[in-house]
Amino acid sequence: VSRRFVARTQAEIDAWQERPLGDLDIVALMVDGIEFVDHMLVVALGIDSSGKKHPLAIREGTTENAGLCKSLLADIVARGVPADRALLVVIDGGKGLRSAVRQVFGDYAVVQRCQVHKKRNVLDHLPDHLHGQVSAAMSEAYAAPSSKTGIGLLERLASSLQKAHPSAVSSLGRVLKRRSRFWTSV
């Protein structure tokens with residue numbers, strides 16, 4: 001029974017991994033690595049123009065490196081996700097994944113840093129008793145009605161943390177530098 005189950009499951013996974021994607025009208029990708037036991041599973045989730053989410057592909061490796069990520073992204077392009085039109089790509093801060101996105105989609109990729117990952121990174125530099133307050137402040141900034149307001153809220157948060165928690169401010173500062181550069185150039 002176990003061998004039949006594994007064989008049948010593998011056949012289903014293979015068919016899922018090979019199915020055409022061109023009819024999905026993917027406008028955004030979310031790509032992330034998930035650690036599972038001693039393996040890294042890199043997953044691509046597509047979002048179509050109506051907002052529906054579609055699991056697109058998965059790759060197994062030991063890290064979220066550029067080669068593994070490029071293989072995953074090149075595969076979904078070969079199966080029909082367009083690489084020649086604007087596409088929002090939401091990723092964590094991994095350099096390998098960012099490099100792979102640039103190699104596969106070039107200037108068509110509009111890369112957005114995942115707010116959940118950024119929030120986790122900032123909170124990792126803070127004592128537990130500040131997590132709720134800082135998380136709420138970052139959520140408020142991310143939900144601000146304008147980029148100017150959001151950046152202002154993040155700058156105020158950074159200022160309040162500067163003296164006692166400079167490493168958290170350093171992590172937060174990277175997003176502020178990128179955002180202010182982007183928004184002033186638009």
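Because the structure is predicted, anything quoted here is derived from the model rather than measured.
- Atom CG of D107 is surrounded by 12 or fewer heavy atoms from other residues, nucleotides or ligands within 6.0 Å.
- C114 SG to N121 CG: the interatomic distance, rounded to the nearest 0.5 Å, is 9.5 Å.
- Cluster membership check: L126 shares its hydrophobic cluster with L154, using side-chain heavy-atom separations under 4.5 Å among Ile, Leu, Val, Met, Phe, Trp and Tyr.
- Between atom CD of residue Q162 and atom OG of residue S170 there is a gap of 9.0 Å, rounded to the nearest 0.5 Å.
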From CA spacing to verdict: side-chain contact (heavy atoms from CB on, under 4.5 Å), H165, V134: CA-CA 12 Å; H165 306 286; V134 171; over 6 Å; no
| Can you list the steps and then say if V31 with V42 is a side-chain contact (heavy atoms from CB on, under 4.5 Å)? | CA-CA 7 Å; V31 185; V42 180; 3.9 Å; yes
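- By the salt bridge (Lys or Arg N to Asp or Glu O under 4.0 Å) test, D32 pairs with no residue at all, sequence neighbours left out.
- Within a 6.0 Å sphere centred on NZ of K119, other residues, nucleotides and ligands contribute more than 12 heavy atoms.
- Formation of a donor-acceptor pair under 3.5 Å by the Q17 side chain with backbone atoms of I58 is found in this model.
- In this structure, V101 is a member of the same hydrophobic cluster as L29, with clusters built from ILVMFWY side-chain heavy atoms closer than 4.5 Å.
- A100 approaches A66 most closely through the heavy-atom pair CB-O, 3.7 Å.
- In this structure, the side chain of H117 does not engage the main chain of I91 through any donor-acceptor pair within 3.5 Å.
- Under the side-chain hydrogen bond (donor to acceptor under 3.5 Å, both in side chains) rule, S99 has a single partner from K95, R102, Q103, which is Q103.
- In this structure, K118 contributes its side chain and S171 its backbone to a donor-acceptor pair below 3.5 Å.
- Separating the CZ atom in R98 from the CG atom in D92 is a distance of 9.5 Å, to the nearest 0.5 Å.
- Formation of a donor-acceptor pair under 3.5 Å by the R19 side chain with backbone atoms of R79 is not found in this model.
- The nearest pair of heavy atoms linking A57 to I76 is CB-CG2, 3.6 Å.
- Nearest heavy atom pair, residue G93 against residue R113, reads N-NE, 3.2 Å.
- K52 contributes atom NZ, which lies 10.0 Å from atom CD1 of I26 (distance to the nearest 0.5 angstrom).
- Around the CZ atom of R85, the shell of radius 6.0 Å holds more than 12 heavy atoms that belong to other residues, nucleotides or ligands.
- Of the possible polar contacts, none joining the S71 side chain to the G67 backbone as a donor-acceptor pair under 3.5 Å is found.
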Worked check of side-chain contact (heavy atoms from CB on, under 4.5 Å) between L157 and E140: CA-CA 11 Å; L157 174 62; E140 180 184 3; over 6 Å; no
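- Taking all atoms of both residues into account, the shortest heavy-atom contact from P20 to D23 is O-OD1, 4.2 Å.
- Judged by distance alone, the side chain of R59 and the main-chain N or O of L73 form no donor-acceptor pair under 3.5 Å.
- Transitive grouping of hydrophobic side chains (ILVMFWY, heavy atoms separated by less than 4.5 Å) keeps V111 and V116 in distinct clusters.
- Residues H54 and L21 are not in side-chain contact: their nearest non-hydrogen atoms beyond the backbone lie 4.5 Å or more apart.
- Linking ILVMFWY side-chain heavy atoms closer than 4.5 Å, directly or via other members, places V6 and I13 in two distinct hydrophobic clusters.
- Annotation for M40: atom CE counts as buried by contact number, over 12 foreign heavy atoms lying within 6.0 Å.
- The shortest distance between side-chain heavy atoms of L56 and L24 falls below 4.5 Å.
- In E35, the CD atom is not crowded: 12 or fewer heavy atoms of neighbouring residues, nucleotides or ligands sit closer than 6.0 Å.
- Two residues are said to be in side-chain contact when any heavy atoms from C-beta on lie closer than 4.5 Å; S135 and L123 meet this criterion.
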What do the steps show when you test Q133 against L130 for side-chain contact (heavy atoms from CB on, under 4.5 Å), and what is the final call?
-> CA-CA 5 Å; Q133 174 188 348; L130 290 177; 3.6 Å; yes
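- Under a hydrophobic clustering in which Ile, Leu, Val, Met, Phe, Trp and Tyr are joined whenever their side-chain heavy atoms come within less than 4.5 Å, directly or via other members, V27 and V77 fall into different clusters.
- A heavy-atom distance below 4.5 Å is not found between the side chains of P82 and Y108.
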